[in-house]
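To keep things clear, I will list the structure first and then write my remarks on it.
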Amino acid sequence: MPVNVSLNINAVKEKLLQEWSKDPTKEAPKAIADMKLILAGQVLENSKPLSELKMPTSPDTVVTMHLVIRPPASPKPRDKSHGEAGKVSKCSCVIV
(Lines give C-alpha, C1' and ligand atoms only; values in the text may rest on other atoms or scores of the structure.)
Protein backbone atom coordinates (compact mmCIF):
# COMPACT_ATOMS: atom_id res chain seq x y z
CA MET A 1 0.00 0.00 0.00
CA PRO A 2 1.71 3.21 -1.07
CA VAL A 3 1.72 6.03 1.48
CA ASN A 4 3.10 9.56 1.51
CA VAL A 5 6.07 10.15 3.85
CA SER A 6 4.37 13.31 5.13
CA LEU A 7 1.73 11.18 6.90
CA ASN A 8 2.04 10.30 10.56
CA ILE A 9 1.61 6.78 11.95
CA ASN A 10 -1.98 7.46 13.02
CA ALA A 11 -2.90 8.43 9.44
CA VAL A 12 -1.25 5.26 8.12
CA LYS A 13 -3.32 3.19 10.58
CA GLU A 14 -6.49 5.00 9.44
CA LYS A 15 -5.63 4.21 5.81
CA LEU A 16 -5.02 0.56 6.70
CA LEU A 17 -8.35 0.37 8.52
CA GLN A 18 -10.17 1.90 5.53
CA GLU A 19 -8.57 -0.54 3.10
CA TRP A 20 -9.27 -3.46 5.41
CA SER A 21 -12.95 -2.59 5.87
CA LYS A 22 -13.52 -2.63 2.08
CA ASP A 23 -13.40 -6.44 2.12
CA PRO A 24 -16.37 -7.81 4.09
CA THR A 25 -14.81 -11.29 4.20
CA LYS A 26 -11.92 -10.06 6.39
CA GLU A 27 -12.33 -9.32 10.08
CA ALA A 28 -10.96 -5.82 10.54
CA PRO A 29 -9.80 -4.35 13.84
CA LYS A 30 -12.49 -2.33 15.63
CA ALA A 31 -10.34 0.80 16.14
CA ILE A 32 -6.95 2.32 15.48
CA ALA A 33 -6.10 1.80 19.15
CA ASP A 34 -6.19 -1.97 18.48
CA MET A 35 -3.31 -1.64 15.99
CA LYS A 36 0.45 -1.29 16.52
CA LEU A 37 2.93 -0.68 13.72
CA ILE A 38 6.45 -1.97 14.25
CA LEU A 39 9.53 -1.00 12.26
CA ALA A 40 12.97 -2.45 13.00
CA GLY A 41 11.76 -3.89 16.30
CA GLN A 42 10.31 -0.62 17.64
CA VAL A 43 6.62 0.16 18.17
CA LEU A 44 5.93 3.40 16.30
CA GLU A 45 4.25 6.34 18.07
CA ASN A 46 0.97 7.53 16.51
CA SER A 47 2.11 11.16 16.31
CA LYS A 48 5.46 10.44 14.62
CA PRO A 49 5.62 11.34 10.90
CA LEU A 50 6.99 8.73 8.51
CA SER A 51 9.56 11.31 7.36
CA GLU A 52 11.24 11.15 10.80
CA LEU A 53 11.80 7.39 10.61
CA LYS A 54 15.18 6.13 9.46
CA MET A 55 14.09 4.40 6.28
CA PRO A 56 14.69 4.87 2.57
CA THR A 57 12.26 7.33 0.97
CA SER A 58 12.74 6.85 -2.77
CA PRO A 59 9.47 6.13 -4.64
CA ASP A 60 10.52 2.62 -5.71
CA THR A 61 11.58 1.48 -2.23
CA VAL A 62 9.50 -1.11 -0.39
CA VAL A 63 9.55 -0.86 3.41
CA THR A 64 8.21 -3.75 5.49
CA MET A 65 6.47 -2.96 8.76
CA HIS A 66 4.81 -5.38 11.10
CA LEU A 67 1.22 -4.79 12.12
CA VAL A 68 0.11 -6.21 15.47
CA ILE A 69 -3.60 -6.30 16.12
CA ARG A 70 -5.21 -6.69 19.52
CA PRO A 71 -7.77 -9.48 19.16
CA PRO A 72 -11.38 -8.65 20.03
CA ALA A 73 -12.36 -9.35 23.62
CA SER A 74 -14.03 -12.72 23.91
CA PRO A 75 -17.22 -13.04 25.91
CA LYS A 76 -16.77 -14.37 29.44
CA PRO A 77 -17.95 -17.97 29.81
CA ARG A 78 -21.04 -18.24 31.98
CA ASP A 79 -20.47 -21.82 33.04
CA LYS A 80 -16.98 -22.58 34.31
CA SER A 81 -17.66 -26.31 34.54
CA HIS A 82 -16.36 -26.77 30.98
CA GLY A 83 -12.86 -25.72 32.01
CA GLU A 84 -10.21 -25.45 29.32
CA ALA A 85 -12.09 -27.65 26.85
CA GLY A 86 -14.50 -24.81 25.98
CA LYS A 87 -11.77 -22.35 25.00
CA VAL A 88 -11.03 -21.70 21.35
CA SER A 89 -7.83 -19.95 20.34
CA LYS A 90 -7.97 -17.73 17.27
CA CYS A 91 -4.86 -16.22 15.77
CA SER A 92 -4.31 -14.63 12.39
CA CYS A 93 -1.49 -12.98 10.47
CA VAL A 94 -1.91 -10.32 7.80
CA ILE A 95 0.84 -9.21 5.45
CA VAL A 96 0.26 -5.70 4.12
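This structure is a prediction, so every number in the text was calculated from the model and none was measured.
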Mark yes when over 12 heavy atoms from residues, nucleotides or ligands other than E52 sit less than 6.0 Å from its CD; otherwise mark no. yes

For residues 10-19, which side-chain donor-acceptor pairs fall under 3.5 Å, sequence neighbours excluded?
residue, atom, partner, partner atom, Å
K13, NZ, M35, O, 2.8
K13, NZ, N46, OD1, 2.7
K15, NZ, P2, O, 2.8
E19, OE2, K22, NZ, 3.2

Going hydrophobic residue to hydrophobic residue with side-chain gaps under 4.5 angstrom, can you get from L53 over to V63? yes

Option among L39, V43, L37, I32 that satisfies the side-chain contact (heavy atoms from CB on, under 4.5 Å) test with I9: L37

Set out, in order, the CA-CA distance, both residues' side-chain angles and the distance that settles side chain to side chain contact (heavy atoms under 4.5 Å, CB included) for I69 and E27, then state yes or no. CA-CA 11 Å; I69 302 166; E27 187 177 337; over 6 Å; no

In short, L50 meets V5 closest at the heavy-atom pair CB-O, 3.5 Å

Atom pair CZ/NZ of R70 and K36 - distance to nearest 0.5 Å: 7.0 Å

